[in-house]
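Atoms considered below: every heavy atom in the structure, side chains included; atoms not considered: hydrogens, waters and symmetry mates.
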Amino acid sequence: MLAAVLVMAAIALLVGGVLGYAAVRFRVEGDPLADKIDALLPQTQCGQCGHPGCKPYAQAIAEGSAEINQCPPGGEDGIRRLAELLGKEFKPLNAEHGQPKPKSVAVIDEAVCIGCTLCIQACPVDAILGASKQMHTVLAAECTGCELCVAPCPVDCITVQPIAEDLANWKWKYPAVPLKDVA
Amino acid sequence: MAVSPHILPPAQSVTRVMALVLLGLVPATLVYAWLFGPAILINVAWAALACVGLEAIMLRLRGYPVRPYLGDLSAVLTGWLLALSMPALSPWWLTLTGCMLAIVVAKHLYGGLGQNVFNPAMVGYAGLLISFPALMTQWPAPLALAHAQLGAADSAQYIFAGHLPAGLKLDAITSATPLDTLRTQLKQDRTLSEILRQPLFGHLGGKGFELIAAAYLLGGALLLARKVITWHVPLAYLAAVGLTAGVFHLYDVDHYAGPWFHLAAPSTMLAAFFIATDPVTGATTPRGKLIFAAGAGFLTVLIRILGGYPDGVAFSILLMNICVPLIDAHTQPKVFGHGGDDA
Amino acid sequence: MRQLFRFHGGVHPPEHKAVSSAAPIVQARLPQRLIVPLRQHIGTSARACVAVGDKVLKGQTIGRAEGYVSAAVHAPTSGTVVAIDMRPVAHPSGLSDLCIVIEADGDDRWIERTLLDLARMDASHVRNRLRDLGLAGLGGAVFPSFIKLNPGATAKVPTLVINGAECEPWITCDDRLMRERAQDILTGARIMATLLHATDILVGVEDNKPEALAALQAAARSLDFPADIVAVPTLYPGGGAKQLIQVLTGKEAPSGGRSTDIGVQCFNVGTAYALARAVQHGEPLMSRIVTVTGAVARPQNYEVLLGTPMAELLEQAGRTSEANGVIMGGPMMGFDIADTAAPVVKATNCLLVKSPKLFPPLPRTMPCIRCGACARACPARLQPQELYWFARAKNFGKTQEYHLFDCIECGCCNYVCPSHLPLVDYYRYAKSEIWAREQEKNAADLARRRHESRVSRLEREKAERAERLAAKAPVKKAQATVPPDSAQAAARKALAAETLARVQAKQAAAAPEPLDPPASS
């Protein structure tokens, strides 16, 4: 009886020691979870998820206070990647937060723009250039298409236009192989 | 619609690949019929028919077009291989059960042509061997040794109705295979040379059986010549069978049959050229093929000698099938520009 | 006799070269309008430097090279620029691209040409001139040549390979060029060798072109040029640069690297010819030899001005009733041209006119049976069946693990596949998805960085404001009745109201013509 207890205790101590050692020795200095989640988010910074930017949303997901299906720009693909990272079930996009849209950029109608700088203040990625009472313009390469500049504009001169397909961004399509079709 | 290339060589298709393999089976099938009676022809025809019928049903159920997929001849091949692996005088329902295991379970439940993990014919055979061990050992005796001969009509009657001609007992026309005989008699403490002197045994293997093996070899040579298969699998398989058997033989000459005996078994040659070479369930890289086939050859002999079944081909192939993804993943050839030499 | 090596795999498709190789090169007719795309090479589009209405002379630069990997484009004849707009171009997508349209005046009047004096100019100056003359590889990849003519840090590329293999079926433009203009080709090769400090010059020609081999050998003798003219075995894709280098030198260009890493540079014979014209005559690259073959009445090679609409060239070659499509390039790697209004460009080596008889519809596809025929045919020693498996499953990470980007899209796997699977289409799809995701990720990283810097800037400003406030607070304690934040807000509100009024007035004024916004970009 005593021998058994001692053996068990010895094993427990040994295994505990090994595990403790391994925990210290092989410690992974990896990204905290929020950073990993943030890396999967599209960085549109649009706030459609109900958080002021992608990072806060990532933190909310990491804390468990937000669902993974609140990001329309990320689309289903994004939700799948989050689900995979977090080992959760895939959920369809929550329609309350909006619908996925094709990648777009904001375009300022420069003739109408009055140079009020309200859109510059709204832009989360500083992609609008201009000064007070000067015409503003959008840096298309930097614009994430978040639409946050649209509402503040007092003269409605900003439209968000889908990026057209051209030779630079054209992609080969998934081949259609009719294995099931009757030939 | 494919973009490029815009041309394909005319005579090249899955159908052609399968047809060539079938052609490679013809010599052995004819020799089989010549030495053991016409029952094998009936069994092959029945198995092929059953497989095609089951394939058609499964294709229909899975929503695939029936005609092009039946035209690929893969079901015919599965049936033919299964029939060649089974005793020729198997009752019809036994063959049908094997075909169901092969086509329905091993092939279509895994996703059909190209998707199956296990060799369908071997799944059918292994399933039958486990479920009906007695029936699966009633092999027709070589005509030269049999006490009576069954014609085509009599064979058909036995296979489909279970009747033998009046006055004929099953024992008179069947016997265990040489491999099986060897196994059982070794257990009865006879020495090897004693056993091999019996009339069932010929120069290298079983009388008649060794000729079938030679015919498989001939058919295999055809496949090699037409580049349907590469040398890797047959060579590695036969080498592994020979080496493993040789090691056992040297260890105890009186107890373990020599490499020639194992190589001259029809199942060895069938496996080397027609079963282990199945592209779908085998390894695809050159080194992978060597490992896959060598493993199968080694296991074949091991199961024959130490296992509880008369032959080890089916189990060895199925076991190696499981290992294929692992083997392929670890035997990737060096890609151009990655510092390797032409493999 | 040079020891030759062989590359893995390869196929022997029917050649059909005799169809177009017998007749000599003829001059294509001068079209009325030429459409010159600004993007004819790998890299950045050229930037237009003429305006609509400008008169241009033959050989005048109409698009300047922009960025490092780029090349200029030139007016192929004299005339007037009538449009600079989006036109259908030769691209598998069938999309349009920015083109300069020139109405030919029929005079074909040259701009003043200055020859390149190699003895006096330093190498980088020569290369800049070649860039301005629009030199780009004519073998298919259209990579700007001046970059490849830079020996780089090693200062020396000992082996120069001139590629006359021309392995694609049907195409004979290099064959005819070698037969008829071997001296110019070798002159170009000599200039290349000088720029690269190459000591070993190899010209590889597939042994199905004995006339071309003989012509080159004769030219080498008469020029007293120590080039080794080597007959290489006819085996597709032996004309791939990597494959030809392997056959001739036994060396493999490292994955993801350049052939100069192993001391070899490779140019197409057409590029060598164009280089000779550029240096000796000051001619920019504005014409090339194009094979027109297949279902046409007069299959042969044409010297075509770049920008000539394909339809006009096909007209000259003679349309046939059974023609049902045009491939640019060969049958193994070419792509269907959606609209033959698209112009001939630097990459156009062949227009192959299809007919149902020459190109019967491909048989139905069957599932992959993992037979490995593709792996045996692959010159890059890939495992196409695995790549197919992962690309089909959109498992792009795995495709990269299996070295998708070492695929040269030669089509051999596709060609030998008994299941007739469009394997290369899957690889192209996977590659372009991976590139797109890479770009998306870069864009996301950029956005993250910009957002983070903005957030930190706002915080900093807030802190600074608070500091200032704290410093002023004791002084202004008495009069601080309104918090400055709300004062600011009030000011902003006032500003907004004022501007709104102004804009409403402006909009009201602009109301009659709201549908015609001024061009903004």
Heavy-atom count check: over 12 atoms from other residues, nucleotides or ligands less than 6.0 Å from B/F298 CZ? no
Give the member of B/K289, B/R16, B/K227, B/Q115 that has the highest number of heavy-atom pairs under 4.5 Å with chain C. B/Q115
Using 30° and 60° as the class boundaries, would you call the ring planes of C/Y402 and C/F390 parallel, tilted or perpendicular? tilted
Can you tell me which of B/G114, B/G111, B/G112, B/S74 forms the most heavy-atom pairs within a distance under 4.5 Å of chain C? B/G114
So, does C/H420 use its side chain to make a donor-acceptor pair with the main chain of C/R364 at under 3.5 Å? yes
Could you tell me which portion of C/V416 (side chain, backbone, both or neither) has an atom closer than 4.5 angstrom to a non-hydrogen atom of chain B? both
In this structure, CD1 of C/I337 is separated from NZ of C/K354 (nearest 0.5 Å) by 10.5 Å
Contacting region of C/A380 [heavy-atom separation from chain B under 4.5 Å]: both
Consider only side-chain N and O atoms of B/H338 and C/E252, and report whether a donor and an acceptor are under 3.5 Å apart. no
Measure C/F359 against the heavy atoms of chain B and call it side chain, backbone, both or neither at under 4.5 Å. side chain
Segment of C/E409 engaging chain B (4.5 angstrom heavy-atom cut-off): neither
So for B/V17, is it side chain, backbone, both, or neither that comes closer than 4.5 Å to the heavy atoms of chain C? side chain
Is C/W389 close to chain B through its backbone or its side chain, or both, or neither, when contacts mean heavy atoms under 4.5 Å? side chain
Can you tell which part of C/P361 gets under 4.5 Å to a heavy atom of chain B, answering side chain, backbone, both or neither? neither
C/Q385 portion near chain B, given a 4.5 angstrom heavy-atom threshold: side chain
Contact winner vs chain B - C/G411, C/G334, C/C410, heavy-atom pairs under 4.5 Å: C/G334
Begin from the C-alpha positions of C/T159 and C/K251 and carry the test side chain to side chain donor-acceptor pair (under 3.5 Å) through to its verdict. CA-CA 11 Å; C/T159 308; C/K251 294 180 193 166; 5.0 Å; no
Report which part of B/A283 has an atom under 4.5 Å of a heavy atom belonging to chain C: side chain, backbone, both, or neither. neither
C/C417 versus chain B, heavy atoms under 4.5 Å apart: side chain, backbone, both or neither? backbone
Would you mind checking which part of B/T281 comes under 4.5 Å of any heavy atom in chain C, side chain (CB onward), backbone (N, CA, C, O), both or neither? neither
Residue B/Q332 versus chain C: region with a heavy atom under 4.5 Å: side chain
Would you mind checking which part of C/I369 comes under 4.5 Å of any heavy atom in chain B, side chain (CB onward), backbone (N, CA, C, O), both or neither? both
Cut-off 4.5 Å, heavy atoms of chain B, and the answer for C/C371 is both
Please check this pair: side chain of C/T291 against backbone of C/T172, looking for a donor-acceptor N/O pair closer than 3.5 Å. yes
What part of C/P254 is in contact with chain B, defined as an atom under 4.5 angstrom from a non-hydrogen atom: side chain, backbone, both or neither? both
Side-chain donor/acceptor of C/T234 to backbone N/O of C/N208, under 3.5 Å: yes
Determine the interplanar angle of the C/Y426 and C/Y388 rings, folded into 0 to 90°, and report it as parallel if under 30°, tilted if 30 to 60°, perpendicular if over 60°. perpendicular
Intermediate values then yes/no, side chain to side chain donor-acceptor pair (under 3.5 Å), C/Q383 and C/H403: CA-CA 9 Å; C/Q383 296 287 305; C/H403 307 295; over 6 Å; no
If only atom types and distance count, is the side chain of B/N116 paired as donor or acceptor with the main-chain N or O of B/A106 below 3.5 Å? no
